[in-house]
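Contents: one structure, followed by commentary.
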2 protein chains.
Amino acid sequence: MAAQTVEERDIWLTEEQQAAWRHYLEGTARFVEALGSVHDRTLPLSLGEYSLLVQLSEAPDRTMRMSTLADGLVLSRSRLTHTVARMEARGLVSRCAAEGDRRGVNCAMTEAGYAALVAAAPGHVSAVRRILVEALEPEEFEMLGRVMAKVAASSRAAGGTEEGLTVLCD
Amino acid sequence: MAAQTVEERDIWLTEEQQAAWRHYLEGTARFVEALGSVHDRTLPLSLGEYSLLVQLSEAPDRTMRMSTLADGLVLSRSRLTHTVARMEARGLVSRCAAEGDRRGVNCAMTEAGYAALVAAAPGHVSAVRRILVEALEPEEFEMLGRVMAKVAASSRAAGGTEEGLTVLCD
DNA sequence: GGTGGATAGTTGAGGGATCAACTACCCACG
DNA sequence: CGTGGGTAGTTGATCCCTCAACTATCCACC
């Protein structure tokens, strides 16, 4: 508990860091669990479908390229294809060829999709409010946003530099 | 963008809250994505298996009741049963009847499980360090821990009170 | 103008997650 | 006792995700 060698200080986390890390893990896990369960039990859209439609709703013509959507939602292309296929079967979105790039596909929100989004929004937002926003002091929540933006940036960088790091080991 | 009615102020989030919320979502998504990818590409254990073994490693006799494990990892009982079955087949853990409660099952880490944990730990910790800890100022990281502990508590409460809330609507 | 390497998106097979049903057991209360 | 409601854990059908392979297109360069 007390003394650590130099190596250990560099490799492991301190007690305080460990504790913070555990709280982070538990917090994120329990939060998505709670929010997802609100969606599954009371709303017409899963959390994933809801997020997808939110993105679309903010795009011009409520339409986006598949790959832009995948990046924004942090989904693999393959997963997005499957998800959109299911949502298309339910009439929530529709796909059509993109103009200007014949490889591209546009995903557009349908009227039914918009209606589902409108139906789900109040329940979704009120759950986010109840479970996340109101559990924290305003400054805490604001800080959480700023800190997680840094984490997002750092994670993005980590994804891109992986091979670069192994190169450094040569 | 400017004026909101009283109702809207109560139902929706402000611009600043929205931004913080989006950053939170993106940050958590990109982080698990980045950390999971380190496990999948370079370590002998997936992130989920690793977390399970970490929990076991800290318990007396490296043994825990299935339900305790499920609660600690925020997994459904069913999911834990399936996961442990797969890990048992790989020789990482073993199950045996719990004494004192004949319904209970104990899950214990094997030597091979411990070895796998030891092998995975340095890569895991260094990824957490690189992507999360060192991306933030020490105070920021410490604050993140404290804030997420509150979120965990609030989410736990939300999970338990769901039916209670509908009762309030009668 | 055609070749090579990147990018956009899809597909299907296999593995993992979810949900509802089920067995087995505990325990409080009559 | 014994009955009833709760808890512990498992099962299997179904659905969803992942991964690797594939087609089709774009574009830079010679």
Side-chain angles (χ1 to χ4, degrees), chain A residues 29 32-43 45-52 63-90 92-108 159-160 162-163, chain B residues 29 32-43 45-52 63-90 92-108 159-160 162-163:
Chain A
V32 298
E33 145 76 17
L35 184 57
S37 125
V38 168
H39 275 265
D40 292 345
R41 285 180 303 98
T42 70
L43 301 176
L45 297 169
S46 75
L47 181 52
E49 292 162 347
Y50 182 86
S51 308
L52 194 154
T63 297
M64 278 197 209
R65 283 292 287 271
M66 290 291 279
S67 49
T68 315
L69 211 38
D71 290 352
L73 296 166
V74 196
L75 295 180
S76 71
R77 312 254 158 133
S78 169
R79 179 166 173 183
L80 182 66
T81 295
H82 288 303
T83 302
V84 165
R86 285 188 298 265
M87 291 178 74
E88 192 171 31
R90 286 170 53 198
L92 299 170
V93 298
S94 67
R95 275 181 290 191
C96 61
E99 54 213 281
D101 185 339
R102 279 188 296 176
R103 297 167 302 178
V105 171
N106 277 331
C107 178
E162 312 273 5
E163 295 96 39
Chain B
V32 298
E33 145 76 17
L35 183 57
S37 125
V38 168
H39 276 264
D40 292 345
R41 285 180 304 96
T42 72
L43 301 177
L45 297 169
S46 76
L47 182 52
E49 292 162 345
Y50 182 86
S51 308
L52 194 154
T63 296
M64 279 197 212
R65 282 292 287 270
M66 290 292 280
S67 49
T68 314
L69 211 37
D71 290 352
L73 295 166
V74 196
L75 295 181
S76 70
R77 314 251 159 143
S78 168
R79 181 167 171 183
L80 182 66
T81 296
H82 287 304
T83 301
V84 164
R86 284 188 299 266
M87 292 177 75
E88 193 171 31
R90 287 170 52 199
L92 299 170
V93 297
S94 67
R95 276 180 289 193
C96 61
E99 55 212 281
D101 184 341
R102 277 188 296 175
R103 298 166 301 178
V105 171
N106 277 332
C107 179
E162 312 274 3
E163 296 96 37

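Within every chain, numbering begins at 1; the chains are lettered A, B, ... in the order of the sequence lines, protein sequences first and strands thereafter. Computed from heavy atoms alone, side chains included, the values below leave out hydrogens, waters and symmetry copies.
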Once you round it to whole Å, what is the distance between [atom2] of [N] and [atom1] of [X]?
{"X": "Arg95(A)", "N": "dG9(C)", "atom1": "CZ", "atom2": "P", "answer": "10 Å"}
{"X": "Arg102(A)", "N": "dT10(C)", "atom1": "CZ", "atom2": "C1'", "answer": "18 Å"}
{"X": "Met66(A)", "N": "dT11(C)", "atom1": "CE", "atom2": "P", "answer": "10 Å"}
{"X": "Leu75(A)", "N": "dT10(C)", "atom1": "CG", "atom2": "C1'", "answer": "16 Å"}
{"X": "Leu80(A)", "N": "dC17(D)", "atom1": "CG", "atom2": "P", "answer": "11 Å"}
{"X": "Glu99(B)", "N": "dC26(C)", "atom1": "CD", "atom2": "C1'", "answer": "17 Å"}
{"X": "Leu73(B)", "N": "dA17(C)", "atom1": "CG", "atom2": "P", "answer": "12 Å"}
{"X": "Glu33(B)", "N": "dC19(D)", "atom1": "CD", "atom2": "C1'", "answer": "14 Å"}

Has the side chain of [X] got a donor or acceptor atom sitting under 3.5 Å from an opposite partner on the base of [N]?
{"X": "Arg103(A)", "N": "dT7(C)", "answer": "yes"}
{"X": "Thr81(A)", "N": "dT11(C)", "answer": "no"}
{"X": "Arg79(B)", "N": "dT18(C)", "answer": "no"}
{"X": "His82(B)", "N": "dG15(C)", "answer": "no"}

Students often get this wrong, so: under 4.0 angstrom with heavy atoms, is [X] touching a base, only sugar-phosphate, or nothing?
{"X": "Asp40(A)", "result": "sugar-phosphate"}
{"X": "Arg77(B)", "result": "base"}
{"X": "Ser67(A)", "result": "sugar-phosphate"}

By nearest heavy atom, map Ser78(A) and Gly104(A) onto DNA chain C; which one lands nearer the 5' end?
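It is Gly104(A) whose nearest nucleotide is closer to the 5' end.
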
Does the Glu88(A) side chain pair with the main chain of Arg95(A), one donor and one acceptor, at a distance under 3.5 Å?
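A pair under 3.5 Å: yes.
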
Indicate the atoms forming the closest heavy-atom contact of [X] with [Y], along with that distance.
{"X": "Val93(A)", "Y": "Cys107(A)", "answer": "CB-SG, 3.9 Å"}
{"X": "Thr81(B)", "Y": "Met66(B)", "answer": "CA-CE, 4.0 Å"}
{"X": "Gly104(B)", "Y": "Arg65(B)", "answer": "CA-NH2, 3.2 Å"}
{"X": "Ala108(B)", "Y": "Thr63(B)", "answer": "CB-OG1, 3.4 Å"}

So does Ser76(B) get a side-chain nitrogen or oxygen closer than 4.0 Å to the phosphate oxygens (OP1/OP2) of dA17(C)?
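No, Ser76(B) has no side-chain N/O under 4.0 Å of OP1/OP2 on dA17(C).
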
